[in-house]
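Below you'll find the structure, written out as structure tokens, and then a few comments.
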Amino acid sequence: MSQTLYKSPFSRAYWRCAAADSRKLRTLVFSALMVAACVALGYLKSVPVVNNIRVSWGFLARALCALVGGPVNALVFGAVEDTVGYLMDPTEGYNPFYIFTTMLGVFTYALFLYRAEVTVLRVFLAKLATNLQNVFLGGLGTYLWYSGGKGYGVIVAGSAVKNAIMLPVQTIMLVLLFGALLPILHRMGFLPNQASRLKLWKRPEWFRRKKTQKEGKAAPWEG
């Protein structure tokens, strides 16, 4: 596979690469497996954090699919995963709004993780962004369809507390998952070389240039 990494998603080359990867058979197969994983993880008992706040498991498979498949594939995956999840457990009404929020969440993971050096900081920022979406967009969905008379501000405030508490727990879960699976996914050909292991952080470009220049200077006694 191509070893190209991108500093940001704001380039044509990035989106050409994402579009090409979304059409590859191995990406489609991996995405199908992650859809199945999301459905299966939905049946696992959620993790209690505090009071009635519990962390579910599905976000782990969504983040993995975003990491491998990229943002173009993420949109398709989000729509399929949400629809399949409903069909497997149609206890509540089918709401297209939540297809949109699922698609946006996986898309956001991909913007942070796809074709990038995966660091703990990137994982945290990706989870922070998706949790903010949960607060404001998820709160909007709850207000429009399931508010029971509660105002939007009340729903958002409650969701903000919940997601703030879940953020460090979910980040740790993602860090442990990526730390274990990045080398395996690299050996299987899903990830570029520089994304083969989880890093604490990425050194700034100016720091690396300074280190290279320092190492390149020969000592006075060296010919």
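We count residues from 1, following the sequence as given.
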Got a sec: does the CZ of Phe136 have more than 12 other heavy atoms crowding it under 6.0 Å?
no

With a sphere of 6.0 Å drawn around CH2 of Trp15, does it hold more than 12 non-hydrogen atoms of other residues, nucleotides or ligands?
yes

Strictly distance-based, threshold 3.5 Å: is any side-chain N or O of Arg115 a donor or acceptor partner for the main-chain N or O of Gly70?
no

Any donor-acceptor pair under 3.5 Å from Gln3 side chain to Asn193 backbone:
yes

Within residues 123-138 or reaching into it, pairs that qualify as salt bridge (Lys or Arg N to Asp or Glu O under 4.0 Å) - sequence neighbours excluded:
none

What pair of heavy atoms forms the shortest contact from [X] to [Y], and how long is it?
X	Y	result
Met103	Gly78	CG-C, 3.7 Å
Ala79	Ile99	CA-CG2, 3.8 Å
Cys65	Phe77	SG-CD1, 3.5 Å
Asn134	Ser159	O-OG, 3.7 Å
Phe124	Leu167	CE1-CD2, 3.7 Å
Cys38	Ala61	SG-CB, 3.5 Å

Is there a side-chain contact between [X] and [Y] in this structure, where contact means two heavy atoms from C-beta onward sitting under 4.5 Å apart?
X	Y	result
Leu185	Val68	yes
Met173	Val169	yes
Arg16	Ser11	no
Leu182	Ser196	no
Phe190	Leu64	no
Val175	Leu198	yes
Arg62	Met34	no
Phe59	Thr130	no

Using the rule that two of Ile, Leu, Val, Met, Phe, Trp, Tyr join whenever any of their side-chain heavy atoms come within less than 4.5 Å, decide whether [X] and [Y] are in one cluster.
X	Y	result
Val161	Met166	yes
Phe178	Leu33	yes
Ile172	Phe112	no
Leu200	Leu113	yes
Val154	Tyr143	no

Say you draw a straight line from [atom1] of [X] to [atom2] of [Y]; how long is it, rounded to the nearest 0.5 Å?
X	Y	atom1	atom2	result
Leu87	Thr83	CG	OG1	6.5 Å
Lys150	Ile155	NZ	CD1	7.0 Å
Leu60	Leu176	CG	CG	10.0 Å
Cys17	Tyr6	SG	OH	4.0 Å
Leu67	Arg122	CG	CZ	11.0 Å
Ser22	Leu28	OG	CG	7.5 Å

Going by atom types only, do [X] and [Y] share a side-chain donor-acceptor pair under 3.5 Å?
X	Y	result
Thr102	Asp82	yes
Gln133	Thr108	yes
Asn73	Ser31	yes
Asn131	Gln170	yes

Identify all side-chain donor-acceptor contacts of residues 39-53 below 3.5 Å with residues at least two apart in sequence or on another chain.
residue : atom : partner : partner atom : Å
Ser46   : OG   : Arg54   : NE           : 2.7

Derivation of the ring-ring contact (aromatic ring centres under 6.0 Å, His included) call for Tyr114 and Tyr14
CA-CA 9 Å; Tyr114 172 73; Tyr14 175 91; 5.6 Å; yes

Does Lys24 have any salt bridge (Lys or Arg N to Asp or Glu O under 4.0 Å) partners at least two apart in sequence or in another chain, and if so, which?
Asp21

Can you classify the ring geometry of Tyr98 versus Tyr146 as parallel (below 30°), tilted (30 to 60°) or perpendicular (above 60°)?
parallel

